[in-house]
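Encoded as structure tokens, the structure appears first; notes follow it.
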Amino acid sequence: MKLSELKAGDRAEVTSVAAEPSIRRRLMDLGLVRGTELEVLRFAPLGDPIEISCKGLLLTMRLNEAEGVSVNKLAPAEGCQNGGQGLRKRHRLGRRA
Amino acid sequence: MSTIREIKVALAGNPNAGKSSLFNALTGAHQRVGNFPGVTIEKHEGYLDYRDCRITVVDLPGTYSLTPYSPEEIVTRRYIIDERPDVVVNVVEGTNLERNLLLTVQLMEMEVDLLVALNMMDEVEEKGISIDIDQLEKLFGSHIVPISARNRKGLDDLLDHIIRVSDGRIEIRKNKMTFSSELEKAIEKIAGLLGHERELDGSNHRWLAIKLLENDREIYSQIQKFPVWVKVELVLQEALSECGILHSTDPEALITEDRFAFVRGAMQECVRLPKAQRAALSDYIDMIVLNRVLGLPVFFLVVWAIFQLTFTLGSPIMDALDYAFGLLSDTVAPHLPEGLVRSIFVDGVISGVGSVVVFLPNIVLLFMGLSFLEASGYMARAAFVIDKAMHRFGLHGKSFIPMITGFGCSIPAIMATRTLKSRSDRLATIMTIPFMSCGAKLPVYVLLAGAFFPPAMAANVMFGIYLLGIAVGLWTAWMLKSTVLKSDSEPFVMELPPYRWPTFTSVIFQARMKAVMYLKKAGTLILGAVILIWVSSNFPRSSALEAELARETSRIEASTIAPELKAEQLQQLEARTEAGQLEYSLAGRSGKLLEPLIRPLGFDWRIGIALVTGLAAKEVVVSTLGTIFSIGQIADETSLSEILRHDPAFNQATALSLMVFVLLYIPCVAAVGVMKKEVGAWKPVLLYSGYVLLVAWVASFITYRIALLFG
């Protein structure tokens, strides 16, 4: 499935990146390579750029750029590794607001 | 003193790694800003004297990688290869090592004399991250110096290292990272083939091979010239198919994966993160600032605050400067011989310089605000929040703030487009800004709308004018981005940096740099243009009018009427002569020359003159109209709006048409000068000027005709 199809709070693992060369390169340079785990944090107020967290960083990209990132959805974070606790908490608060 | 040794140092690193703080901390006052050849990327260069060395430091643009896709990356790479700095200092953010070290690996591949400055050690300690620096040094082969650029810690240690690397006392063990075996095989083969090419002697064959496998356009075209290319191409194709079969990916992706794997291995060996990571303050701020409901209101609040800072706070300073220049004119004037010389100095030079300097408060304040937003980390978030709306017109989220600033003044707004990285986004934004109706156009609207519309309607008319400007601006952007500027579009993919409290010195530094750049680069151009317009509205002078003035003056002086009446007559005479001289001048003649062109818009030659002098600054339109329409009026009895209302040349339709024209036609010379500076060439600026004239003409024509129908 594509990164752009995930919902806020979903976790996933990158399987491949295919996009126009410059976008693909930028995505990979920022850490989106095969095997990277990421979490969708939120969408912008107008619904377009998407914000994800991966490798402890916050990244944002337009949905048409996120389309190029193929991912495998992971099970909801239950005792996931570092940072998971904080991120999940942030989500619940974010949704309530 | 012993002989001074010169050492050239280049700072490289990710955006937000603290390169600029380090640069400021090192070079202090000895800095200058230029451009890298061929691109509009600022080049900050400075020097310091340390021990017996003069160390020149160049701050390279922030990059994540060294591919040829973004101009920043190309500039960085070319600088390192062509300029051969003695030491490359890779500034690395200690709190975000994994991503930062990816660039380190790529610098390592270039086999430069590399020194790693491990920055933000204060934050690293605060967060409880422990880094085994010795082990990292072993893996990367370069010395690693922990520093904190913000707190100026570790700088001497870094400088000592720089000196010792440059004179060879520290040897950089140019370690080689090993890629997957298929890649290594291909690299070795290609490097071997390149080794046979005489002309490539002395270049780094291994690096070239890696770049070829990465599909690097620049290196491709460099190597394709050589006969050996035929063989190289075969190896590349072989590698491509092998990577596909064995790793189900291409060499480019595999190389990046391998680099990340190497970095991850190093991280696991050398870095211990604290066990429990709490949600940081950054995350809580984001919950509000990027919230679906609150995100936009917060964004508009911030934009409003920046606008207020720049213009509300700036305008008293601007007025004070204006007053000071007026005072200067008044003090200087009596010491100069009456007539032309005085006019040249007072009305030409002093007011010309004044019209350049008067924008400084806005520029300084805006850039203090913008560099605060940039350094605090909000700028990227602002782009995130508004990007969708902007993207609809082909613009970038970051285009918004410069555009809004345009409602105050185009000059700082055009300079503010520097926050945009891609040239095409920057050009499109620059060309949108003049349509955002600036503060200097307001007096024109107030005069005309006030004169020809009832008070309740006048406000609506002005609002309509502003909306029209926005619409034409966005349409222009959309049109540019879907035609001439279509080709290169910067990917939006970016990092949202953690919030940081900007240091006072860095905010001041940015503002000072912008002020100096404005005065040096744009200032001279603007000054020249303002003086040119002044000359054309004062020359040639009609001697007949002057003679008549002298004759009439003596006649009135000699007459036996009451002194009040005498004064009034003299005043009228002077106004009449002034208007006559303006008509006789070059500007006046061009106004007349223009008449056939602007007649269809409802303008006569007198309005034509105002439009010409209005090129100096838009508010001049009002004063020129005042001078030229007051001929034969009893000066102090009637206001300008009264005069215009009773003038047969003017009616509601003309007023509307003129407002539309002033809104859309060529911005003032100051804005054009800054535009030329930021765009880098005259051709697009001239084309753009033609375009805005055309748009202004068509829009005014339509407005005039429709207004006539309904009027």
Side-chain angles (χ1 to χ4, degrees), chain A residues 3 8 14-36 41-66 68-69 81-97, chain B residues 63-65 67 69-70 95-96 98-99 102-103 214-215 217 247-249 252-254 256-257 259-261 264 273 275-280 282-284 286-288 290-296 299 380-381 383-389 391 397 488-498:
Chain A
L3 173 54
V14 177
T15 54
S16 74
V17 185
E20 186 213 315
S22 64
I23 295 173
R24 175 175 195 240
R25 193 62 214 217
R26 176 68 66 84
L27 288 167
M28 292 198 302
D29 285 339
L30 284 171
L32 292 175
V33 292
R34 200 154 46 157
T36 303
L41 293 184
R42 58 172 72 78
F43 293 84
L46 297 172
D48 197 340
I50 180 178
E51 187 194 351
I52 64 167
S53 109
C54 83
K55 302 190 173 184
L57 299 175
L58 306 176
L59 302 182
T60 161
M61 66 198 80
R62 291 183 183 138
L63 288 181
N64 62 0
E65 294 163 335
V69 183
Q81 1 84 305
N82 62 8
Q85 200 64 32
L87 293 176
R88 248 187 314 140
K89 198 162 124 213
R90 170 163 59 193
H91 265 300
R92 262 188 251 120
L93 282 162
R95 253 183 249 152
R96 218 187 294 148
Chain B
T63 58
Y64 293 115
S65 173
T67 55
Y69 289 115
S70 80
T95 46
N96 181 8
E98 192 166 344
R99 219 267 325 285
L102 184 75
L103 183 69
E214 278 190 287
N215 277 326
R217 288 179 309 205
H247 299 273
S248 56
T249 184
E252 188 187 358
L254 192 57
T256 310
E257 279 171 29
R259 285 187 190 130
F260 268 117
R264 171 165 302 201
L273 295 170
K275 279 228 174 65
Q277 253 186 8
R278 293 171 293 112
S282 238
D283 301 325
Y284 289 110
D286 275 345
M287 268 187 318
I288 298 163
L290 302 183
N291 182 278
R292 282 216 112 139
V293 183
L294 295 174
L296 280 170
F299 169 75
R381 286 161 173 89
F384 173 73
V385 167
I386 202 70
D387 182 69
K388 191 181 182 190
H391 191 48
D488 73 312
S489 206
E490 165 97 357
F492 185 79
V493 189
M494 63 179 181
E495 185 191 352
L496 297 183

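These numbers were taken from a predicted model, which means no experiment stands behind them. Side chains included, hydrogens not; waters and symmetry mates left out as well; all remaining heavy atoms used. By convention in this document, chain letters (A, B, ...) are assigned in the order of the sequence lines, proteins followed by strands, and residues within each chain are numbered from 1.
B:Pro491 approaches A:Ile23 most closely through the heavy-atom pair CB-CG1, 3.6 Å. Considering all non-hydrogen atoms of both residues, A:Asp29 and B:Arg99 come closest at O-CD, 3.7 Å. The minimum heavy-atom distance linking A:Phe43 with B:Phe384 is given by the pair C-CZ, 4.0 Å. Taking every heavy atom of both residues into account, B:Lys388 and A:Pro49 meet most closely at N-CD, 4.4 Å. The two atoms that bring B:Leu296 and A:Pro45 nearest to each other are CG-CB, 4.0 Å, heavy atoms only.
The candidate from A:Ala19, A:Gly31, A:Pro21 with the greatest count of non-hydrogen atom pairs under 4.5 Å with chain B is A:Pro21.
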task = Could you check B:Thr256 against A:Arg25 for side-chain contact (heavy atoms from CB on, under 4.5 Å), going step by step and ending with a plain yes or no?
result = CA-CA 9 Å; B:Thr256 310; A:Arg25 193 62 214 217; 3.7 Å; yes
side-chain contact (heavy atoms from CB on, under 4.5 Å) between A:Leu41 and B:Asp286, intermediate numbers included = CA-CA 10 Å; A:Leu41 293 184; B:Asp286 275 345; over 6 Å; no
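Proximity to chain B involves both the backbone and the side chain of A:Leu59, based on heavy atoms less than 4.5 angstrom apart. In this structure, no portion of A:Ser16 lies under 4.5 Å from any heavy atom of chain B. The contact between A:Ile50 and chain B is made entirely by backbone atoms, counting heavy-atom distances below 4.5 Å.
Residues A:Arg42 and B:Asn291 form no side-chain contact, since every pair of their non-hydrogen atoms from C-beta on lies 4.5 Å or further apart. Between B:Arg264 and A:Lys55, some side-chain heavy-atom pair lies under the 4.5 Å cut-off.
Among B:Leu496, B:Val493, B:Leu290, the one residue that satisfies the side chain to side chain contact (heavy atoms under 4.5 Å, CB included) test with A:Thr60 is B:Leu496.
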